[in-house]
Amino acid sequence: MGYALPDEGGHFGRYGGRFVSETLMRPLLELQAAYERLRQDSAFQEEFSEDLRLYVGRPSPLYPARRLTERFGGARVYLKREDLNHTGAHKINNTVGQALLAKRMGKTRVIAETGAGQHGVATASVAARLGLDCVVYMGSEDIQRQAINVYRMKLLGAKVVPVTSGSRTLKDALNEAMRDWVTNIEDTFYIIGTVAGPHPYPAMVRDFQAVIGKEVRYQIMEFEGRLPDALVACVGGGSNAMGLFYPFLDDPAVALIGVEAAGKGLATGRHAAPLSAGRPGVLHGNRTYLMETDDGQIIETHSISAGLDYPGVGPEHAWLKDSGRARYVAVTDDEAIEAFHLLTRVEGIMPALESSHAIAYSGRLARELGRDACIVVNLSGRGDKDVHTIAAREGISL
Amino acid sequence: MTSRLADRFKALKTQGRTALIPFITAGDPEPRITVPLMHALVEAGADVIELGVPFSDPMADGPVIQKASERALAHHVSLTGVLAMVRDFRAQDPHTPVVLMGYLNPVEVMGYDRFAASAHEVGVDGAVTVDLPPEEGQELIAALRSHAIDPVFLLAPTSDSERIRRIVQSAGGFVYYVSLRGVTGAANFDLTEVVQKLRLIRAQTHLPVGVGFGINSAEMAAKVANVADAVIVGSALVGRIAALASQPQRIVAEAAAFIGQLRAAMDNATASATVSGVRR
C-alpha cells in the first residue's frame, strides 16, 4: 500500500500530532507502544475479528438500494448497513477493538465521551461484556436531549456523568474525559469514539473502523465486478467515513466524499462544518480544521444530528481535504430530514440523522455521475434514536 | 542574554529566598480588575506573575480555573486583550517578570511570530503553552527565543528521566513541576514524591524549578519553599477570587492578603532552614 500516514509522531501532513499536557505524554506513548505491538499480533487480530463476527454481527451487508436508485434517477446506490450492527451503529467496531486493547494492557476501568449517546452505549456494552468499570461523560444539554440512551447506558452498568462546563455538549464531555484520564492514568483506559484526539487515537480508531471499507471492497464485486465510482459518508469527527475511505485511499478512481452538517446553512454560521467553513487550529490533542472565533476560541456548533455536532474533525480528513484525495461537502438539517423520510418510505430503512446527511448528498451525486456509475453510501447508524427529534420537529409529542 | 526572569531568580538565590508565583486568569472576574490585582500581588510579595490566557476548552484545568476562564470569556477577553493588560502593568512596574500561561490555539490563530513579537513588545517574559509538548513545539520555541521570551515547560510526575532531559533542553526561564497527577486544583499532593522528583530534575538542568498544582495553604507553601526554587499558587488564589466575584471591590485586598500570608510563611521557613542548614 502506498499510503503510509500518519508518521511516527502521528502527523498527517501538518495535521494530527500530540498536543497534550505533559502529564498525558507518557500514557499516550505507552498506549502507542501497546497498540503497535498488538497491531502485529495475530492472536489479538483474530480475537478482534471473532468479536466483530460473533458479537457485532459482521460482516454487515452491502445493500443495493434499488428503489432509492430509481428515485434518484442516476448512479446505482449501495448502502453499507452499519445500522445493522449490535447497538445500532458503526461505533461498536471501535469500542470492541479498544476494549480488547484495554484488557490486554491490564486496565480495569474504561471511560468515554459521548454526544448523542451512541458511542457511550457502545462503550458501556463492551465494558459490561468484559467486566470493566465504565464511566461515560456526557454534556448536560445532551443528557436532556438523549434520555433513552442515558438510561440504556445505566442499564448496561455504566455511570453517566453530566458535564456542566463550557457549552455542555460533546466537546466539553471530551475535555472532562481527558481530565478524568489524566487523574486516573494507572488503571484507566480512555476509549475515544472518533478519529480525533491525540496520536495514536486517530490512526487506531481508523484501523478498527477500516473493517467497513475492507468488506465493501469484496462485497461490491458480487454486484458490479469492479470498485465503486464514489464512496459517500457523513463526517462529524469522521470515524465512519475514515473506516470506509481508508482501504480505498490508493485507488484514485474511487472518489471519496465526506458530508458535513450545514445545520441551518453555512451562511448562517449555525452549522458544524469545519472542513467546509472553518480553518486549521489545535483542539483536543491534534491540529485540524476547527470552528473558532478570530481570537481562537472554539465556538458552539449546530446540527440537528447530535453525532455531527462537533467543532473539530479528525486530522486525517483535514489532510485528505488539503491533498485533494477526498472532497467535503455540507448538507443542511432540512435536506437531511428530507433524506430521512425518503429512505424510510422507499426502502423501509430508517437511517440515523447523521447518516441521512450522506443519503441526502448521494442523491445529488447519483444524478451527476449518471446511470453507468455506482456509489456506496455508508449507512452508519439506525434512526430509532432520532424518532423523537423528527416527531418534535413536526409538532407531534410521543 | 539577561532576562527579567533570570535576574529575579538570581537575586532571590542570593537572598536565600524562594520565589512566590501567583497565577490569576486575565479578565477574571472582570477585565478592569486584572492590572490593579497584579500590582497588589507584587506589593504583597509575589516575585513573578503568572497570567492565564482564557480559553474555551481548558482541558488540563480543574473546575476552579475552568470557571475563571468562563468568567473572563463572558467579557470577551482575548489574547490581544491580555497583551494589552501586560502593557498597562508594565507601564508601572518595569521589574516584575510576567509569564503567560494558556493553550496553543489562540497563539496558533495569532501566528507564532506575531505573538512572540507582541509579547516581547508589551513586556512579557515567559510563556507556558500547556498543550504543547516540545515534540510539537520547536517552531513556537524558536519564535519565542528570537524575541527573548522564555519558553517555560511543565514537568509531570509521569515524566521519566528521558522526557525530563528532552524537555529541559527546550526550556527557558524556569521549569514548572506539576506536583500531582490530574488537573489543576486537585488534592493529592505528596511532598516526599516532590522531593524525589526535584532531585531527578536538578540532575538534568540548572534552571530554577517551580512547583505548583495543589498548593493551597501557607503551611504547604512553606514546606514547598524549602525544597523548590519557586512556589506556584493557582487554584487556591483563583478560588478566593471566585468567591468574591459578586463583590469585585474586595478582590484586590483579599487576594493580596492571601499572598501576603504565603509570603510570610515561606520566608520564615526558608530563613530558619538556612540557619539550621537544611536548605540546599
Side-chain angles (χ1 to χ4, degrees), chain A residues 8-11 14 16-30 163-168 170-186 188 197-199 279-288 290-300 311-312, chain B residues 53-63 66-67 69-70 73 76-82 102-110 115 128-137 153-160 162-164 166-167 175-178 180-188 213:
Chain A
E8 175 69 15
H11 303 99
R14 61 183 291 226
R18 214 162 10 210
F19 293 86
V20 294
S21 65
E22 175 58 21
T23 318
L24 278 178
M25 283 303 289
R26 206 177 76 189
L28 283 170
L29 293 170
E30 282 170 7
V163 176
T164 57
S165 55
S167 60
R168 306 170 180 206
L170 177 57
K171 79 173 178 70
D172 309 284
L174 212 151
N175 292 334
E176 207 55 39
M178 282 280 181
R179 292 178 189 123
D180 178 317
W181 196 34
V182 90
T183 312
N184 301 294
I185 46 184
E186 298 304 330
T188 297
H199 184 58
R279 62 178 175 193
V282 171
L283 177 71
H284 292 154
N286 66 100
R287 182 178 282 121
T288 187
L290 298 176
M291 292 185 51
E292 61 184 1
T293 65
D294 291 342
D295 302 328
Q297 307 295 346
I298 308 308
I299 55 183
E300 281 180 49
Chain B
V53 180
F55 182 51
S56 53
D57 291 80
M59 228 166 65
D61 284 300
Q66 287 173 43
K67 294 239 155 48
S69 248
E70 286 178 20
L73 288 175
H76 306 287
V77 174
S78 63
L79 179 54
T80 311
V82 176
Y103 293 79
L104 182 60
N105 200 50
V107 174
E108 182 104 348
V109 168
M110 182 177 280
F115 167 68
V128 189
T129 316
V130 180
D131 54 350
L132 186 70
E135 287 89 337
E136 300 286 355
F153 279 91
L154 304 180
L155 292 168
T158 48
S159 313
D160 55 21
E162 171 56 29
R163 284 207 61 77
I164 293 172
R166 180 166 204 161
I167 291 165
V175 292
Y176 181 161
Y177 178 60
V178 171
L180 44 83
R181 288 153 215 270
V183 293
T184 51
N188 52 350
F213 275 42

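Residue numbering restarts at 1 for every chain, and letters A, B, ... go by the order of the sequence lines. For the numbers below, each heavy atom of this structure counts, side chains included, while hydrogens, waters and symmetry mates do not. Given the structure is predicted, the values throughout are model-derived calculations rather than measurements.
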Atom group of [X] that falls short of 4.5 Å from chain A, counting heavy atoms:
X: Pro58(B); value: both
X: Leu79(B); value: neither
X: Leu73(B); value: side chain

Comparing Ser56(B), Pro106(B), Gly81(B) against chain A, the one with the most heavy-atom pairs below 4.5 Å turns out to be Ser56(B)

Counting heavy-atom pairs under 4.5 Å with chain A, the top scorer among Ser78(B), Pro54(B), Pro133(B) is Pro133(B)

Using a strict cut-off of less than 4.0 Å between a Lys/Arg side-chain nitrogen and an Asp/Glu carboxylate oxygen, indicate whether Glu136(B) and Arg287(A) qualify as a salt bridge.
no

Locate the shortest heavy-atom distance separating [X] from [Y]; write the atom from each residue and the value.
X: Gln297(A); Y: Val77(B); result: NE2-O, 4.3 Å
X: Thr23(A); Y: Thr158(B); result: O-OG1, 3.2 Å
X: Gly296(A); Y: Asn105(B); result: O-ND2, 3.0 Å
X: Arg179(A); Y: Asp61(B); result: NE-O, 2.8 Å

Chain B contact via [X] - side chain, backbone, both or neither, heavy atoms under 4.5 Å:
X: Ile298(A); answer: both
X: His284(A); answer: both
X: Asp294(A); answer: backbone
X: Leu29(A); answer: side chain

Indicate yes or no: at least one non-hydrogen side-chain atom of [X] is less than 4.5 angstrom from one of [Y].
X: Glu70(B); Y: Ser165(A); result: yes
X: Asn175(A); Y: Gln66(B); result: no
X: Arg163(B); Y: Glu22(A); result: yes
X: Val109(B); Y: Arg279(A); result: yes

Taken to the nearest 0.5 Å, the spacing of Met59(B) CE from Trp181(A) CH2 works out to 10.0 Å

Interatomic distance, CE@Met178(A) vs CG@Asp131(B), rounded to 0.5 Å, equals 10.5 Å

